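Heads up, the thing below is written out as structure tokens.
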Amino acid sequence: MAFQSLEILGISIIAGIVGSLLGLGGGLVLTPALTLLLGIDIRLAIGASLISVIATSSGSAIAYLRDRITNVRVGMFLEMGTTLGAIGGAMLGGFIPAKFLLTIFGGFLLYSSYLMFNNRRQEHPPESTPHPLATRFNMHGEYFDKAHQTTQRYQVAKVTEPFAVMVGAGVLSGLLGIGGGAFKVMAMDVFMKLPLKVSSATSNFMMGATAAASAGIYLMRGNIDPRIAGPVALGVLAGSTIGARIMPHLKNRTLRLMFLPVIVYVAIMMIRKGVFA
Amino acid sequence: MSKDIEQTLGRVLRIGVVTSASIVALGLVSFLVTGNGGYPSDTYPTHPLEILQGAVSFKPFGWIMLGLMLLILTPVARIIISLVQFIQEKDRMYIGVTLVVLLILVISFTLGKVTH
């Protein structure tokens with residue numbers, strides 16, 4: 001058991017780096033790794049995964065804040081949706097068969113990766129019409145892009161659709177222990193037309209709260225095992241701090257190129273698991 | 001974000017994360033070294049009070065769980081600080097939004113107690 005804790009530590013460090021770079025919680029890498037490679041009970045894997053999401057979010061938030069890339073208003077607004085969804089998902093935890101959700105999730109990811117693929121040539125989002133709700137909610141923003149050394153201003157294009165997606169992402173987060181980062185980044189990238197770096201940073205910002213909303217429920221249900229969640233927390237913290245340091249120096253296009261194959265891969269894995277396993 | 005809030009937030013997060021990680025590390029190391037979590041047949045504490053008791057009695061699992069609990073609270077601390085920021089900026093709309101999020105989080109912690 002002790003050795004397994006060390007193995008878990010190693011896997012978690014990698015998950016932390018990957019997750020932080022792409023605005024995903026370690027959950028997408030971690031849960032399959034824990035269940036498939038180490039044969040850990042999926043409920044415990046999900047509990048540990050929630051911990052990893054919080055670790056990634058808080059660990060990398062420190063570096064992101066300094067760079068002023070995160071859009072706090074967008075994040076906070078959308079968090080109302082994600083946290084509500086998260087409670088729902090966590091409570092449902094015992095009832096809905098994960099198989100069913102895995103397949104839907106995978107399919108949706110594939111669709112969104114198709115959308116992102118179409119936009120892959122863009123470095124900066126085109127001038128989009130600001131959504132009146134977004135203006136009213138004061139969500140438009142700007143940030144200093146280190147890779148390009150310019151200040152980029154951006155407008156937020158849609159509000160209701162991303163909010164709906166966020167509730168869904170929250171439910172999935174509570175149910176599957178993932179950060180829902182893929183959803184969040186996708187919703188902000190595709191619907192709201194935020195620059196991908198802002199989406200990633202803001203997603204990291206939001207993920208912690210979403211996971212915290214379901215973590216309490218998992219903790220008291222006994223789904224958080226110190227032998228698993230402990231090394232996960234440490235490994236992911238280490239990995240995500242490394243990832244966050246690298247991130248501002250990458251271009252939006254590079255991020256998207258890295259992001260796409262990850263989503264496609266995960267999507268296929270999930271569909272396969274949902275249909276065959 | 002204003003410079004001071006940003007710095008305070010960074011500092012709070014850093015303290016929170018480092019503290020929780022240290023406590024988890026301490027607990028994990030003592031578990032690995034002693035080969036024993038401090039609880040009968042591989043069980044571990046799940047209720048906050050149980051966890052505090054365990055930590056105070058120096059049980060490795062108690063420490064790990066305490067550290068994890070603190071980690072779970074770091075996003076909450078971050079939201080509280082955002083609230084302070086919005087109050088400073090007199091941004092009434094977002095004071096409201098942030099309070100909603102905090103309320104939902106508090107409810108989630110209470111629900112956790114209820115389901116057990």
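Remember, predicted model here, so these are calculated numbers, not experimental data.
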Which atom pair, heavy atoms only, marks the closest approach of [X] to [Y]?
X: B:Ala21; Y: A:Leu237; value: CB-CD1, 3.8 Å
X: B:Leu68; Y: A:Ala229; value: CD1-CB, 3.6 Å
X: A:Ala212; Y: B:Ser108; value: O-OG, 4.1 Å
X: A:Met80; Y: B:Val101; value: CG-CG2, 3.6 Å

Measuring heavy-atom distances to chain A, does B:Ile104 have an atom under 4.5 Å in its side chain, in its backbone, in both, or in neither? both
Less than 4.5 Å to any heavy atom of chain A: does that hold for the side chain of B:Leu71, its backbone, both, or neither? both
Taking atom [atom1] of [X] and atom [atom2] of [Y], what is their separation to the nearest 0.5 Å?
X: B:Leu103; Y: A:Thr83; atom1: CG; atom2: OG1; result: 9.5 Å
X: A:Asp225; Y: B:Met65; atom1: CG; atom2: CE; result: 7.5 Å
X: A:Arg227; Y: B:Tyr44; atom1: CZ; atom2: OH; result: 7.0 Å

Evaluate A:Arg73 against B:Asp91 for side chain to side chain contact (heavy atoms under 4.5 Å, CB included), listing each step before the verdict. CA-CA 11 Å; A:Arg73 286 181 169 77; B:Asp91 189 334; 2.6 Å; yes
Answer yes or no: is there a side-chain heavy-atom contact under 4.5 Å between [X] and [Y]?
X: A:Pro226; Y: B:Trp63; value: no
X: B:Phe86; Y: A:Val72; value: yes
X: A:Glu79; Y: B:Ile79; value: yes
X: A:Met220; Y: B:Pro48; value: yes

Can you check side chain to side chain contact (heavy atoms under 4.5 Å, CB included) on A:Ser58 and B:Arg78, steps first, answer last? CA-CA 9 Å; A:Ser58 297; B:Arg78 192 252 299 145; over 6 Å; no
Would you mind checking which part of [X] comes under 4.5 Å of any heavy atom in chain B, side chain (CB onward), backbone (N, CA, C, O), both or neither?
X: A:Ile51; result: both
X: A:Ile87; result: side chain
X: A:Leu50; result: neither
X: A:Leu219; result: both

Would you check if the side chain of B:Thr46 reaches a backbone N or O of A:Gly222 as a donor-acceptor pair within less than 3.5 Å? no
For chain A, which candidate among B:Val76, B:Leu28, B:Leu73 shows the most heavy-atom pairs at distances under 4.5 Å? B:Leu28
